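Heads up: the structure comes next, in structure tokens.
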Amino acid sequence: MRGLMKTKAQKILKVVSKIPEGKVMTYGEVAKACGLSCPRYIGFVLHNNPDPAKYSCHRVVNFQGKVAKSYAFGGENIQRQKLEEEGIVFCDNKIDLKKYSFHM
DNA sequence: CTCTTGACCATGT
DNA sequence: AACATGGCCAAGA
């Protein structure tokens, strides 16, 4: 039964990889986009991310507009730097979700 | 503002 | 093999 239905983890990764540059998505948005109801799972999947360079896990922020506390692929400072290079401006260690929020 | 609940899977015991 | 618990969180009470 698993053959026709990709795992939820794959779905999450797919959604995350579709976030355009200069935009971010919150964990809750990603979860709902995948039909999930467990935002915690997003973090779990991204932490088990097979290829962070492929999936834009750094474009996923928490609902406060801040980057994750524990960015496992180099440190949260790296995540922030990547976002800034995509044109996202940080203000007081936060980003303007109104400006950068992306939803499907 | 704090505490609890929610729902999913990988990992550890 | 089975059970318990944690994890880049969010929303509700």
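None of the values given here were measured: they were computed from a predicted structure. We name chains A, B, ... by the order of the sequence lines, and we start the count at 1 in each one.
- Separating the P atom of B:dT4 from that of C:dT5 is a span of 16 Å, rounded to the nearest Å.
- Note that the OH atom of A:Tyr41 and the CG atom of A:Leu46 stand 10.0 Å from one another [nearest 0.5 Å].
- What separates CG of A:Asn49 from P of B:dA10 is a distance of 14 Å, to the nearest Å.
- Note that CG of A:Leu83 and CD1 of A:Ile78 are 11.5 Å apart. Values are rounded to the nearest 0.5 Å.
- One hydrophobic cluster holds both A:Met104 and A:Ile12 under the rule that ILVMFWY side chains link at heavy-atom gaps under 4.5 Å.
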Using a cutoff of under 3.5 Å, can you pull out all pairs of nitrogen or oxygen atoms linking the protein to nucleotides 5-8 of chain B, with atom names and distances?
unit_1	atom_1	unit_2	atom_2	d
B:dG6	O6	A:Arg40	NH1	2.4

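- The existence of a salt bridge linking A:Arg59 and A:Glu86 is confirmed by a sub-4.0 Å separation between a basic side-chain nitrogen and an acidic carboxylate oxygen.
- The same atom, P, is picked in B:dT5 and in C:dC8; the two are 22 Å apart, to the nearest Å.
- Residue A:Val16 is not grouped with residue A:Val61 when hydrophobic side chains (ILVMFWY) are merged at heavy-atom distances under 4.5 angstrom, including chains of intermediate members.
- Interatomic distance, A:Lys32 NZ to A:Ile42 CD1, rounded to the nearest 0.5 Å: 11.0 Å.
- Atom NZ in A:Lys66 sits 8.0 Å away from atom CG in A:Asp92 (nearest 0.5 Å).
- Around the NZ atom of A:Lys23, the shell of radius 6.0 Å holds more than 12 heavy atoms that belong to other residues, nucleotides or ligands.
- Nucleotides C:dA13 and B:dC1 are separated by 12 Å at their C1' atoms, to the nearest Å.
- In 5' to 3' order, the nucleotides of DNA chain C bounding all contacts with chain A (an atom under 4.0 Å from a heavy atom) are C:dG6 to C:dA11.
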